[in-house]
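Position 1 is the first residue of the sequence; numbering continues from there.
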Amino acid sequence: MVAFDPWDPAFVADPYPAYAELRAQGRVRYFEATDQWLVPRHADVSALLRDRRLGRTYLHRYAHEEFGRTAPPPEHEPFHTLNDHGMLDLEPPDHTRIRRLVSKAFTPRTVERLRPYIEQLAGELVEGLRARGGGDLLTEVAEPLPVAVIAEMLGVPEGDRHLLRPWSAAICGMYELSPSEETAERAVRASVEFSDYLRALIAARREEPGEDLISGLIAAHDEDDRLTEQEMISTAVLLLNAGHEATVNATVNGWYALFRHPDQLAALRADRALVPSAVEELMRYDTPLQLFERWVLEDIDIDGTTVPKGAEVALLFGSANHDPAVFTDPERLDLTRADNPHISFSAGIHYCIGAPLARIELAASMTALLTKTPTLALAAEPARKPNFVIRGLEGLPVEVR
């Protein structure tokens with residue numbers, strides 16, 4: 001059995017056997033290589049996501065030194081300035097203030113209004129793939145759909161959208177375990193370029209407001225709700241990154257799983273009513289975000305083990321989603337699975353604000369592919385990205401037979 005080793009290609013290819021071993025060993029385990037406490041079981045991951053003794057940051061309560069941590073190197077500052085002012089890495093009251101503003105753009109009613117645009121765009125992208133007889137599902141459908149949708153919401157001009165994915169990929173490299181200095185340099189450069197771009201876009205929207213989210217954030221006049229320019233930039237970057245990274249990877253991971261389970265794909269092709277439960281099951285079966293980190297703000301006890309203040313816990317979403325205590329026969333892909341409390345969108349105050357939008361996008365691209373390319377097949381075995389935390393493929397070559 002493959003041991004938990006996030007830098008081992010064999011583990012990255014299929015981490016689920018190692019997760020089973022971790023769950024069997026207990027509810028928490030210290031992992032010296034990253035100085036983290038691994039939490040593999042669903043009940044604990046779910047509870048700790050809601051536990052206010054843990055935080056995405058500690059700086060609202062402690063200085064680095066008080067917390068026993070070292071400040072990031074000065075040369076990484078542009079990345080941390082950008083990252084640390086987004087709501088995903090903030091705690092109340094700042095998190096509450098920003099999320100309250102942004103959530104207005106992600107209400108079920110607002111998101112539902114985007115459905116016709118999303119379905120039309122998905123149909124056009126799949127039609128292009130069909131006309132070419134196949135191609136790379138990643139670059140031709142999975143990627144352009146959510147990038148276009150979130151860029152449309154934010155008001156990024158169409159001619160600039162090609163800039164977003166490379167910036168996002170460079171920044172997200174920093175969310176892997178123990179990123180290299182080269183990764184950090186790329187992230188810093190992307191942070192500077194992305195921030196400069198958004199600063200100019202915000203200035204343009206101040207002069208000429210539109211119907212987009214950035215204009216809406218600028219227009220918030222309530223003193224309690226007003227965002228600083230840095231918070232606006234960080235929020236836009238977070239929405240652009242989170243708004244497509246998970247959806248892109250969920251799409252290709254999901255279709256790769258379907259190609260490897262032809263009986264399930266055949267059932268889905270025979271019954272489109274399975275699409276909503278298929279979206280949930282595919283996100284559970286091969287989770288696009290494998291791990292979510294939290295800082296321990298006060299000592300916590302897990303099964304008799306004290307995890308001390310100042311420690312970092314690694315909540316293993318991929319493992320939680322395969323926990324047999326919650327999911328019957330978890331290693332089996334079952335698109336009819338009815339009871340599916342997967343944790344792929346997180347939980348608690350940091351529950352994914354874009355989850356309703358992601359579900360519509362995933363269902364739209366799946367339905368378009370099932371309808372327009374009923375003979376879609378894998379053209380070659382795909383290469384998996386070497387990343388562990390953000391799980392995806394380098395590409396997914398397909399053909400329309």
Side-chain angles (χ1 to χ4, degrees), residues 86-88 96 98-127 141-158 161 164 205 209-220 225 235-236 238-251 254-255 268 271-284 288-289 335-338 340-372:
M87 62 183 170
L88 184 62
T96 312
I98 297 173
R99 188 171 177 115
R100 184 167 58 231
L101 261 184
V102 175
S103 64
K104 294 171 185 174
F106 287 90
T107 63
R109 184 181 297 176
T110 310
V111 169
E112 195 57 42
R113 282 207 295 268
L114 286 166
R115 187 185 290 273
Y117 168 73
I118 294 169
E119 290 177 346
Q120 180 186 342
L121 181 55
E124 289 169 1
L125 292 168
V126 172
E127 189 57 48
V141 177
E143 204 170 76
L145 177 65
V147 170
V149 171
I150 199 70
E152 185 78 15
M153 289 180 76
L154 282 161
V156 175
E158 204 164 324
R161 292 176 187 176
L164 304 178
R205 290 292 177 271
E211 297 296 308
D212 52 85
L213 179 53
I214 285 177
S215 298
L217 295 176
I218 292 168
D225 273 349
T235 296
L238 172 64
L239 292 174
L240 284 162
N241 288 355
H244 72 270
E245 281 291 342
T247 311
V248 170
N249 292 320
T251 302
W255 274 94
L268 184 58
D271 183 6
R272 305 289 161 74
L274 285 176
V275 166
S277 62
V279 166
E280 303 303 317
E281 174 67 349
L282 290 165
M283 288 200 74
R284 179 201 73 82
L289 181 68
L335 302 187
T336 66
R337 194 180 293 274
N340 194 347
H342 70 76
I343 218 144
S344 302
F345 288 120
S346 190
I349 67 165
H350 290 289
Y351 178 79
C352 177
I353 202 168
L357 180 63
R359 286 184 164 112
I360 290 176
E361 291 170 348
L362 290 165
S365 67
M366 182 178 286
T367 301
L369 286 160
L370 292 168
T371 305
K372 294 176 181 291

Atom [atom1] of [X] and atom [atom2] of [Y]: how far apart are they, to the nearest 0.5 Å?
X: Leu121; Y: Leu114; atom1: CG; atom2: CG; value: 11.0 Å
X: Ile214; Y: Met153; atom1: CD1; atom2: CE; value: 11.5 Å
X: Lys372; Y: Glu127; atom1: NZ; atom2: CD; value: 4.5 Å
X: Glu245; Y: Glu143; atom1: CD; atom2: CD; value: 8.5 Å
X: Thr110; Y: Lys104; atom1: OG1; atom2: NZ; value: 11.0 Å
X: Leu145; Y: Leu125; atom1: CG; atom2: CG; value: 6.0 Å

**Request:** Walk me through it: do Thr251 and Val141 pass the test side-chain contact (heavy atoms from CB on, under 4.5 Å)?
**Result:** CA-CA 9 Å; Thr251 302; Val141 177; 5.6 Å; no
**Prompt:** Among pairs that include at least one residue of residues 342-361, which meet salt bridge (charged side-chain N to carboxylate O under 4.0 Å, His left out), considering only residues two or more places apart or in two chains?
**Reply:** Glu280-Arg359
For the student: nearest non-hydrogen atoms of [X] and [Y], plus distance:
X: Ser103; Y: Arg100; result: OG-O, 2.9 Å
X: Tyr351; Y: Phe345; result: CD1-O, 3.4 Å
X: Pro288; Y: Asn249; result: CB-CB, 4.0 Å

So does [Y] get a backbone contact from the side chain of [X], meaning a donor-acceptor N/O pair under 3.5 Å?
X: Thr367; Y: Ala364; result: no
X: Ser277; Y: Arg337; result: no
X: Thr247; Y: Pro146; result: no
X: Ser365; Y: Leu362; result: yes
X: Arg205; Y: Asp212; result: no
X: Ser215; Y: Glu211; result: no

**Request:** Pick out which of Leu239, Ile353, Leu238, Asn241 makes a side chain to side chain contact (heavy atoms under 4.5 Å, CB included) with Leu88.
**Result:** Leu238
**Request:** Please identify each residue that fulfils salt bridge (Lys or Arg N to Asp or Glu O under 4.0 Å) with Glu112, with sequence neighbours left out.
**Result:** Arg115
**Item:** From CA spacing to verdict: side-chain contact (heavy atoms from CB on, under 4.5 Å), Ile360, Val149
**Value:** CA-CA 11 Å; Ile360 290 176; Val149 171; over 6 Å; no
**Prompt:** Hey, does Val275 have a side-chain heavy atom less than 4.5 Å from the side chain of Leu335?
**Reply:** no
**Request:** Could you go through the side-chain contact (heavy atoms from CB on, under 4.5 Å) check for Leu357 and Ile118 one step at a time?
**Result:** CA-CA 10 Å; Leu357 180 63; Ile118 294 169; 3.7 Å; yes
**Fill in**
side chain to side chain contact (heavy atoms under 4.5 Å, CB included) filter on Arg161, not counting sequence neighbours, yields Tyr117, Ala148, Ala151, Glu152, Val156, Glu158, Leu164
